[in-house]
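A note on names: the letters A, B, ... follow the listed sequences, proteins ahead of strands, and every chain is numbered from 1. Only a predicted model underlies this, so the values are computations on that prediction, with no experimental measurement involved.
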Amino acid sequence: MPNSIKITTWNINSVKVRLPNILLWLKEAAPDVVLLQELKCVDEKFPRMEIEDAGYNIEIHGQKTYNGVAILSKSPIEDVKRGLPGDTDDEQARYIEGTVFGKLRVASLYLPNGNPMGSDKFKYKLAWMDRLKAHMASSLMDDELRLWGGDYNVIPTDSDVYNPAAFTNDALTQPESRARFRAMIHLGLTDAFRAFNTLPHQYSYWDYQAGAWAKDNGLLIDFLLLSPLIADKLCSAGIDKNPRGREKPSDHTPVWCEIELN
DNA sequence: ATGCCAGGTAACACCTGA
């Protein structure tokens, strides 16, 4: 077992289109665990062989056209559970968790966007956040090492968006969304990136349109939240902007942290 | 502010995203 492991979350916006970028990035960034979102494919269509050849075990919770999440790990992935507890009617593939390196339980989550305001989608977002927080709370009752990473689709503060005024009526900035995100943090979780970087205007997403990337008009919406015992082992964290600048990029870029496992 | 971009599905247009 390595002394420290690097864990990354990345919303890839279609695993099929992004495969060349993913393989290049796996080689250069050499993460030990990867939490992927927005696969946009069913399990059978996932490019399993190519990613296994890069040295990863794979667990998938796929869906046609929309959503889809996965865990990649250089270690075996054990005790995998698909779907967020709390609503058996929820058919959207937005949550998967499993145990990596024999001791760390990680989740890859794709929180609903929730736009437009006033729609059922916003209600679904808030209900999903309530379910996630409840699951986190019950999981934290034991002392298991836990990490919840993914696209949270929440802009936590006005410093996490290039132009707050443009987002006043957006589901990502609503007080209801922000309060629920804070409530998760207040369970005792540590935002890995913010443990090392308190500068405002650090982003993980840039819209494809209107030259957002070139103008650094971004949003910070991708997070790695760590339970207390694993947060104590946090060595470093950051945002890897390289993949966003490539040809055929995802609109999100990877967010990573490094953890002492021993 | 939106759907100017991007991806998917299906089918030569429409849905979703944040």
Side-chain angles (χ1 to χ4, degrees), chain A residues 9-23 25 35-47 60-70 90-95 108-129 132 149-181 201-223 239 241 243-255:
Chain A
T9 181
W10 190 12
N11 179 322
I12 50 176
N13 187 20
S14 168
V15 69
K16 181 183 163 197
V17 172
R18 215 65 59 214
L19 184 60
N21 278 3
I22 293 169
L23 293 174
W25 171 79
L35 310 170
L36 297 177
Q37 301 88 36
E38 279 209 86
L39 310 178
K40 293 186 172 179
C41 75
V42 294
D43 295 14
E44 298 73 34
K45 295 266 180 73
F46 190 92
I60 307 159
H61 185 30
Q63 183 180 335
K64 189 178 178 182
T65 311
Y66 307 115
N67 311 315
V69 287
D90 187 357
E91 290 179 347
Q92 300 190 29
R94 296 178 175 275
Y95 190 91
S108 176
L109 65 94
Y110 177 42
L111 210 145
N113 171 299
N115 280 309
M117 293 299 302
S119 67
D120 284 345
K121 291 182 179 179
F122 188 60
K123 286 180 201 151
Y124 175 68
K125 178 195 188 97
L126 298 183
W128 206 94
M129 294 187 86
L132 177 59
D151 176 357
Y152 281 74
N153 264 321
V154 175
I155 298 168
T157 75
D158 281 352
S159 300
D160 299 313
V161 50
Y162 67 99
N163 178 12
F167 283 78
T168 49
N169 200 34
D170 193 287
L172 279 63
T173 64
Q174 293 312 298
E176 297 94 325
S177 310
R178 286 177 167 173
R180 281 167 175 79
F181 183 77
H201 306 297
Q202 307 296 298
Y203 305 130
S204 63
Y205 165 93
W206 297 259
D207 199 301
Y208 287 119
Q209 299 177 82
W213 168 246
K215 291 187 274 190
D216 197 27
N217 285 348
L219 317 174
L220 182 60
I221 54 177
D222 300 272
F223 303 97
I239 297 173
K241 290 167 80 168
R244 186 61 182 83
R246 298 214 163 100
E247 292 297 311
K248 297 291 279 180
S250 169
D251 38 8
H252 296 250
T253 214
V255 178

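For the C1' atom pair drawn from B:dC4 and B:dG17, the interatomic distance equals 15 Å after rounding to whole Å. When the P atom is used for both B:dC5 and B:dA10, the distance is 25 Å, rounded to whole Å. Taking the P atoms as reference points, B:dT2 lies 29 Å from B:dC12, given to the whole Å.
Nucleotide B:dG8 holds its P atom 12 Å from the CG atom of A:D251, rounded to whole Å. Between the C1' atom of B:dG7 and the NE2 atom of A:H252 lies a distance of 13 Å, rounded to the nearest Å. One atom, CD of A:Q92, and another, P of B:dG17, lie 8 Å apart when rounded to the nearest Å. Across the protein-nucleic acid pair, A:N13 atom CG and B:dT9 atom C1' stand 15 Å apart, rounded to whole Å. A straight line from CG of A:L36 to P of B:dG7 spans 16 Å, rounded to a whole angstrom. Following rounding to the nearest Å, A:L39 (CG) and B:dG17 (P) show an atom-to-atom distance of 15 Å. A:D170 has its CG atom 11 Å from the C1' atom of B:dA1, to the nearest Å. Between the P atom of B:dG17 and the CD atom of A:Q63 lies a distance of 11 Å, rounded to the nearest Å.
At the heavy-atom level, A:I155 lies nowhere under 4.0 Å from the strands shown. Backbone-only engagement by A:Y110 is indicated by non-hydrogen atom pairs under 4.0 Å involving sugar-phosphate atoms exclusively. As judged by a 4.0 angstrom heavy-atom cut-off over every strand, A:K45 is placed among residues making no nucleic acid contact. Residue-level contact check: A:N169 touches neither bases nor backbone, having no heavy atom under 4.0 Å from any strand. Counting any heavy atom pair closer than 4.0 Å across all strands shown, A:D151 reaches sugar-phosphate atoms only and no base atom.
Two residues, A:V15 and A:L172, neighbour DNA chain B, and the one matched to the more 5' nucleotide by heavy-atom proximity is A:V15. Nearest-nucleotide assignment on DNA chain B puts the 5′-proximal partner with A:K16, out of A:G114 and A:K16.
The side chain of A:Y66 has B:dC15 as its nearest neighbour among B:dC15, B:dT9, B:dG17. The side chain of A:K40 sits closest to B:dG7 out of B:dG7, B:dG17, B:dA10. Between B:dC15, B:dA6, B:dC4, one nucleotide has an atom nearer to the side chain of A:Y208 than all others, and that is B:dA6. Picking from B:dA10, B:dG7, B:dG8 the nucleotide with the shortest atom distance to the side chain of A:K64 gives B:dA10. Counting only heavy atoms from C-beta on, A:A166 has its side chain closest to B:dA1 among B:dG17, B:dA6, B:dA1.
The shortest side-chain heavy-atom distance between A:W206 and A:K241 falls under the 4.5 Å cut-off. Here the side chains of A:Y95 and A:L109 are in contact, with some heavy-atom distance below 4.5 Å.
Residue A:S14 places at least one side-chain N or O closer than 4.0 Å to OP1 or OP2 of B:dG8. Within the structure, a side-chain polar atom (N or O) of A:R18 is placed less than 4.0 Å from OP1 or OP2 of B:dG7. In this model, the phosphate group of B:dG7 is approached by a side-chain N or O of A:K248 to a distance below 4.0 Å at OP1 or OP2.
Remark: the backbone N or O of A:P249 is paired with a side-chain donor or acceptor of A:R18 at under 3.5 angstrom. Distance alone, capped at 3.5 Å, is enough to place a donor-acceptor pair between the A:K125 side chain and the A:N153 backbone. Under a 3.5 Å cut-off, the side chain of A:N13 and the backbone N or O of A:D251 do not form any donor-acceptor pair.
Note: A:Y162 and A:F167 have perpendicular aromatic rings, judged against thresholds of 30 and 60 degrees for the angle between ring planes.
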